[in-house]
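Notes to accompany the following structure.
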Amino acid sequence: MKIDNLEKIIQDVIQLIYPGISKIPDVLLVPSPEGFGDFSTNVPFDLASMLHKSPVSIAEEILKHLNFPYFSSISVAKPGYLNFSFALSVYRDFLQELEEKGEKYFYKERNGMKVQIEFVSANPTGPLHVGNGRGGIIGDVLGNLLKVEGFDVIKEYYVNDAGSKMNLFAKSIAYYYMKKLGKNPEPVEEAYRGAYIEDIATEILNDYGDSLLNGEGRPLIDEIQKIGKEKMMYRVKESLEKFGVAFDSWFYESSLYSSGEVDKITEIFKKSGYAYEKDDALWFQSTLFGDDKDRVLVRGTGEPTYTLVDAAYHKNKWDRGFKKVIDIWGADHFGHITPMKALIQGMGLPEDFLDIIIYQIVHLFENGKEVMMSKHSGTFVTLEELVNEVGRDAARFFFLLKSSDTHLNFDIDLAKRESIDNPVYYVQYTYARLKSILWKGEEKGIRYRGVDEADLSLLESSDERALLNHFMYLEKELERVARKHSVHRIPFITIELCKKINTFYQNYNILSSEEYVQPRLSLVYNALNVLSFLMNLMEIEKKERM
RNA sequence: GCGCCUAUAGCUCAGCAGGAUAGAGCAACGGAUUUCUAAUCCGUCGGUCGCAGGUUCAAAUCCUGCUAGGCGCGCCA
């Protein structure tokens, strides 16, 4: 028995009592405040205005008709709430299923809908910085969650390996390459300056000697761009691996040129009637779709803009069969939302095809001062440095813990200092504690025999009941998190669960509680199921011992 | 100037499909351990939910107007 089913039952009863109501409001069962039973609904309030009756009288009317064995008690509270205490059979059914399926309990049936999540997608012109880590964890965990919710999810990294930034990157490397070969290259304007640029130049020199010099000019730059990109992507992938973010797919911007898709999309826009020529450029009439100005698709020079290529990319996503794509962008890309959504419509794709999650900027602080970061100047803290500093699990947890709408102030000193009492350790510790109960039980010859042999009626304390209710409510909560893409709720939910587990742990010595052993072990056993599921969702390491 | 994000306890932040006394962690103070992991637990202290209006039986949550901070407004990506 799930909460959903109980909600449905209540809703059906309301339909029976008030057949005249055209649209019955959704019955939502939410955890009750302490002392008001297990779950509550405020449906009587919604009905009150429709029926022109007081919420309390409606609640009482509903109460009269709710003769179901699922509720051990139902009561009406002051302004008009309906409070429910669940019968033990509800928990028993639930635990039976949870024990049988384990973590799979939370996985919904596949719904056949293909969803693509595109994130990080940093230009391969430098190492990933801490901001990329934030986008990375949001996409990674959202992808995991959507898989749980039954979607076919692809996590994709869009490699912006075409365009002027890439060219500048190559020139920046070429400068050092030539210099090391005793040439006297012209300094590059606006060059990338990080130490990695010179490192890559050195590597190229070691790998290829002066052989690239033969055809100076374009071919040299082209060659260096190709090699530099590979070397950079190697580093990017390495950083992501250390951070624990894995992609299913790496999509290269350059492939859109070589496949002819960029040209094709240009034709599509020309035929669409939404494009026009002005000042030698091709413009997209995005103002028709709510933009405040039209956008250039093809420059006067004949080169496509990023805007056009991104349109081609999203068309490609659609052609691959995705029914929903979720792009995760840093706040500095905010301005691209309206044009992008306009492009989607301009190409005749459904408006709701694309969701965009914007995460606010990450500010780094060290020694009480903000660290100014810029890829161009080469002064920034890389994701890899951060992971090395605070550890993979702590870094993931820390980034995940804040709503994407909130600016994230990352105090490096605090992160280092907190690494010892970081909430992630609390969660891991809780897991290890539960594990140890089972081990110690084995040693003593006490083994959990399954919920069928546990007398759940002995679980009468509020600590124990709170755990059961938390288990039951998780599924509903995750649905909401998935719908709203608010993955930062997951660590909070996990911490709340751990808090309840630890209170329970502290208040009862489970292994020496005699007739209570089996029912209490059912809580331990299933808490492990639930906690393990949540940690896997976030991909936080489960330590058996700490 | 326009658009978006943010403003909740000393600090870092949850809560915002409107609902019961506004929550957590850290910090401060006081307790709990012959016991399954004290990396724990319990308690105390601490809040005009940025300001002012409005809608509602009910507003931290919705609407309007302000204020402060951030981000964005390229034939860059």
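Here is how names work: the chains are called A, B, and so on, in the same order as the sequence lines, proteins then strands, and each is numbered from 1. Since this is a predicted model, take the numbers as computed values, not measurements. Values reported hereafter were calculated over all heavy atoms of this structure, with side chains retained and with hydrogens, waters and symmetry mates removed.
Among the nucleotides B:U21, B:C41, B:C13, the one closest to any side-chain atom of A:N409 is B:C13. Comparing B:A32, B:C71, B:A39 by their closest approach to the side chain of A:Q506 singles out B:A32. Of the candidates B:C57, B:C36, B:G15, the closest approach to any side-chain atom of A:F45 belongs to B:C57. Of the candidates B:A20, B:A17, B:C36, the closest approach to any side-chain atom of A:N83 belongs to B:A20. Here the nucleotide nearest the side chain of A:I361, chosen from B:C71, B:A39, B:U21, is B:C71.
The base of B:A17 sits with one of its N or O atoms less than 3.5 Å from a complementary donor or acceptor on the side chain of A:R483. Side-chain N/O atoms of A:T430 and base N/O atoms of B:A39 include no donor-acceptor pair closer than 3.5 Å. If you check distances only, the side chain of A:R433 never reaches the base of B:A39 with a donor-acceptor pair under 3.5 Å.
With sequence neighbours left out, A:R392 forms a side chain to side chain contact (heavy atoms under 4.5 Å, CB included) with A:V387, A:R396. By the side chain to side chain contact (heavy atoms under 4.5 Å, CB included) test, A:K440 pairs with A:E443, A:L511, sequence neighbours left out. By the side chain to side chain donor-acceptor pair (under 3.5 Å) test, A:D26 is found to be paired with no residue, residues two or more places apart in sequence or in another chain being considered. In terms of the side chain to side chain donor-acceptor pair (under 3.5 Å) criterion, residue partners of A:E475 (sequence neighbours excluded) are, by chain and number, A:K2, A:Y105. Scanning for side chain to side chain donor-acceptor pair (under 3.5 Å) contacts around A:D161 gives A:K229, A:S254, with sequence neighbours left out. Applying the side chain to side chain donor-acceptor pair (under 3.5 Å) rule to A:S512 yields the partners A:N509; only residues at least two apart in sequence or on another chain are considered.
Comparing A:K435 and A:N42 by the nucleotide of RNA chain B whose heavy atom lies nearest to each, the residue mapping closer to the 5' end is A:N42. Two residues, A:E496 and A:P33, neighbour RNA chain B, and the one matched to the more 5' nucleotide by heavy-atom proximity is A:E496.
The phosphate of B:C16 has OP1 or OP2 within less than 4.0 Å of a side-chain N or O from A:R480. Phosphate proximity of B:C41 to A:Y426: present, with a side-chain N or O under 4.0 Å from OP1 or OP2. Side-chain nitrogen and oxygen atoms of A:T503 include at least one within less than 4.0 Å of the OP1 or OP2 phosphate oxygen of B:C42. Close to B:C13, at under 4.0 Å from its OP1 or OP2, lies a side-chain N or O of A:K402.
B:U64 and B:A24 have their C1' atoms separated by 33 Å, given to the nearest Å. Rounded to the nearest Å, the gap between the C1' atom of B:C45 and that of B:C5 is 34 Å. Atom name P, nucleotides B:A59 and B:G53: the rounded distance is 14 Å, in whole Å.
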Enumerate the protein-to-nucleotides 33-35 of chain B contacts in which both atoms are nitrogen or oxygen and the separation is below 3.5 Å.
residue	atom	partner	partner atom	Å
B:U35	O2	A:N509	ND2	2.9

N/O to N/O distances under 3.5 Å, protein versus nucleotides 73-77 of chain B:
residue	atom	partner	partner atom	Å
B:C73	O3'	A:K293	NZ	2.9
B:C73	O2'	A:K293	NZ	3.1
B:G74	OP2	A:K293	NZ	3.3
B:G74	O5'	A:K293	NZ	3.3
B:C75	O3'	A:R299	NE	3.3
B:C75	O2	A:G300	N	2.8
B:C75	N4	A:D279	O	3.1
B:C76	OP2	A:R299	NE	2.5
B:C76	OP2	A:R299	NH2	3.0
B:C76	O3'	A:R299	NH2	3.3
B:C76	O2'	A:S164	OG	3.3
B:C76	O2	A:K165	NZ	2.9
B:A77	OP1	A:R299	NH2	2.8
B:A77	OP2	A:R299	NH2	2.8
B:A77	OP2	A:Y306	N	3.2
B:A77	O2'	A:N123	OD1	3.1
B:A77	O2'	A:N123	ND2	3.2

Atom pairs, protein N/O to nucleotides 4-8 of chain B N/O, distance under 3.5 Å:
residue	atom	partner	partner atom	Å
B:C5	O2'	A:D405	O	2.3

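In this structure, A:Y158 and A:Y313 have parallel ring planes: the angle between them is below the 30° cut-off, well short of the 60° mark. Aromatic ring pairs are classed by plane angle as parallel below 30°, tilted from 30° to 60° and perpendicular above 60°; the pair A:F71 and A:F86 is tilted.
Between A:F251 and A:Y157, the gap from one ring centroid to the other reaches at least 6.0 Å. Here the two rings, on A:F247 and A:F119, have centers that are under 6.0 Å apart. For an aromatic pair to be called close, the ring centres must be under 6.0 Å apart, and A:F410 with A:F398 satisfies this.
In RNA chain B, runs of at least 3 stacked Watson-Crick or G-U pairs (N1-N3 plus N6-O4 or O6-N4, or N1-O2 plus O6-N3, all under 3.5 Å) give these stems: B:1-7 with B:67-73, B:10-13 with B:23-26, B:28-32 with B:40-44, B:50-54 with B:62-66.
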Problem set entry | Worked check of salt bridge (Lys or Arg N to Asp or Glu O under 4.0 Å) between A:E477 and A:R489 | CA-CA 9 Å; A:E477 234 178 335; A:R489 289 288 306 148; 3.5 Å; yes
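For residues 36-50 of chain A, the salt bridge (Lys or Arg N to Asp or Glu O under 4.0 Å) pairs, not counting sequence neighbours, are A:D38-A:R465. Within the structure, the ring-ring contact (aromatic ring centres under 6.0 Å, His included) test picks out the following pairs touching residues 500-524 of chain A (sequence neighbours left out): A:F504-A:Y508.
Residue A:A432 is classed as a base contact, given a heavy-atom separation below 4.0 Å to a base.
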